[in-house]
Amino acid sequence: DIVQVTRDAGTVPIEDMIKAMKVIQAAGKPVLYKGRLTRDEAELLSREVDKRGLCLGIVTETNESADEIMAMLKDINW
């Protein structure tokens, strides 16, 4: 079973979310992250959380911002 971790704007810091994701992955469960993600947060996430078993459901306002997020993820070798 996959565990969904949802982050609403202005709530829990990404560092706390990463700690939770590590615990979930250590228990052998995959993680679905849903929420907004800045470039710095994506870079931190890519360094700290195992990409195997991690699914990103990044929330954006427009198709253009989704394109920017995809370009950013490619730029940091996601």
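The residues of the chain are indexed from 1 along the displayed sequence.
- Hydrophobic clustering, with ILVMFWY side chains joined whenever heavy atoms are under 4.5 angstrom apart, keeps V23 apart from I2.
- Of the inter-residue distances, the one linking K34 atom NZ with D8 atom CG reads 10.0 Å to the nearest 0.5 angstrom.
- The nearest pair of heavy atoms linking M17 to V12 is SD-CG1, 3.7 Å.
- Going from atom CD of E41 over to atom CD1 of I18 covers 8.5 Å, rounded to the nearest 0.5 Å.
- Residues V49 and L73 share a hydrophobic cluster, clusters being chains of Ile/Leu/Val/Met/Phe/Trp/Tyr side chains in contact below 4.5 Å.
- For the residue pair L37 and M72, the shortest heavy atom distance occurs at O-CE, 4.5 Å.
- Between R36 and T60 the shortest heavy-atom distance is NH1-CA, 4.0 Å.
- When side chains are defined from C-beta on, M70 does not count as touching D67, because their heavy atoms never get closer than 4.5 Å.
- Legend: residues meeting side-chain hydrogen bond (donor to acceptor under 3.5 Å, both in side chains) with K22, ordered by chain and number and at least two apart, are E48.
- Hydrophobic cluster membership differs between I14 and V59, with clusters built from Ile, Leu, Val, Met, Phe, Trp and Tyr side chains linked at under 4.5 angstrom.
- Nearest heavy-atom pair, S46 versus I76, reported as atom, atom and distance to 0.1 Å: OG-CD1, 4.3 Å.
- With sequence neighbours left out, the side-chain hydrogen bond (donor to acceptor under 3.5 Å, both in side chains) criterion links T6 to Q4.
- Under the side-chain contact (heavy atoms from CB on, under 4.5 Å) criterion, E64 pairs with T62, sequence neighbours left out.
- Here the closest non-hydrogen pair linking V31 and M21 is CG1-CG, 3.8 Å.
- Remark: R39 pairs with E43, D75 by the side-chain hydrogen bond (donor to acceptor under 3.5 Å, both in side chains) rule, at least two apart or across chains.
- Taking the side-chain hydrogen bond (donor to acceptor under 3.5 Å, both in side chains) definition, one finds that R52 meets it with D50, sequence neighbours left out.
- Listed by first and then second residue, the side chain to side chain donor-acceptor pair (under 3.5 Å) pairs involving residues 10-21 amount to none (not counting sequence neighbours).
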(request) Take L54 and Q25, measure what side-chain contact (heavy atoms from CB on, under 4.5 Å) needs, and give me the verdict at the end. (result) CA-CA 9 Å; L54 176 62; Q25 286 185 331; 4.1 Å; yes

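- Within a 6.0 Å radius of NZ in K51, more than 12 heavy atoms belonging to other residues, nucleotides or ligands are found.
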